[in-house]
Amino acid sequence: CYQCGKTFLKIDNAAELYPNFRNNSVSPNFNFTLDILLQCVKEGSNSPYWANYYTHCTEEDLRNPKFIDKLNRVKDQFG
């Protein structure tokens with residue numbers, strides 16, 4: 001789902017299409033560690049985050065570059 005103010009959109013059959021992507025929350029917590037942050041800065045890339053961080057975070061995050069096709073499908077459905 002996407003929600004911003006009074007705008008709420010929901011994908012039909014989302015559980016069937018995207019069963020792993022359930023983290024629909026907003027949090028003030030940083031979900032990375034200093035060593036991962038420093039690696040990202042050193043490499044000038046977010047790759048260390050996606051490659052080395054906790055899989056329970058990266059494998060259920062639609063922003064992970066390996067899920068670009070699914071992210072694009074979601075964007076297409078939302079128009």
When rounded to the nearest 0.5 angstrom, what distance separates [atom1] in [X] from [atom2] in [Y]?
{"X": "Lys70", "Y": "Asn64", "atom1": "NZ", "atom2": "CG", "answer": "11.0 Å"}
{"X": "Cys40", "Y": "Trp50", "atom1": "SG", "atom2": "CH2", "answer": "10.0 Å"}
{"X": "Leu62", "Y": "Phe67", "atom1": "CG", "atom2": "CZ", "answer": "8.0 Å"}
{"X": "Asp35", "Y": "Lys42", "atom1": "CG", "atom2": "NZ", "answer": "12.5 Å"}
{"X": "Arg73", "Y": "Asp69", "atom1": "CZ", "atom2": "CG", "answer": "9.0 Å"}
{"X": "Thr33", "Y": "Leu38", "atom1": "OG1", "atom2": "CG", "answer": "9.0 Å"}

